[in-house]
Amino acid sequence: MADFDAVQVNLWCDDVERCAAFFRGLGIPEKFRFPSRGEPHQIEVEAAGARIGFSSARVGSEFFGIATSPGGQHGGPQR
């Protein structure tokens, strides 16, 4: 069985800054931002060995051809 020192989850977001701001508001520090100026395409926060990445759904679709769907837009139930 593999041992893991850290884990990362990436989420597609319409508003990367807003998604990351929620977690920063909980006291979880930002560890990565790209680009460093202007509208972010990727922001990552980290706490207790878990890193959460927020990626721009628009950038994923337009620049990389990845079929992205921000949370709540996949046709499933919303809460």
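Remark: S55 engages Q42 in a side chain to side chain donor-acceptor pair (under 3.5 Å) (not counting sequence neighbours). Scored by the side-chain contact (heavy atoms from CB on, under 4.5 Å) test, E17 finds D15, R24, R33, P40, I43 as partners (sequence neighbours excluded).
Note that the CZ atom of R58 and the CD atom of E39 stand 4.5 Å from one another [nearest 0.5 Å].
Enclosure of atom CZ in F34 is not indicated, since only 12 or fewer non-hydrogen atoms of other residues, nucleotides or ligands lie within 6.0 angstrom.
Both V9 and L26 are part of a single hydrophobic cluster, where members link through side-chain heavy atoms under 4.5 Å apart. Put simply, V59 and F32 are part of two different groups of oily side chains (I, L, V, M, F, W, Y) that touch within less than 4.5 Å, one to the next.
Residues E46 and P29 are not in side-chain contact: their nearest non-hydrogen atoms beyond the backbone lie 4.5 Å or more apart.
Of all non-hydrogen atoms in A57 and W12, the two that sit nearest each other are CA-CE3, 3.9 Å. In plain terms, the two heavy atoms of V16 and F54 that are nearest each other are CG1-O, 3.5 Å.
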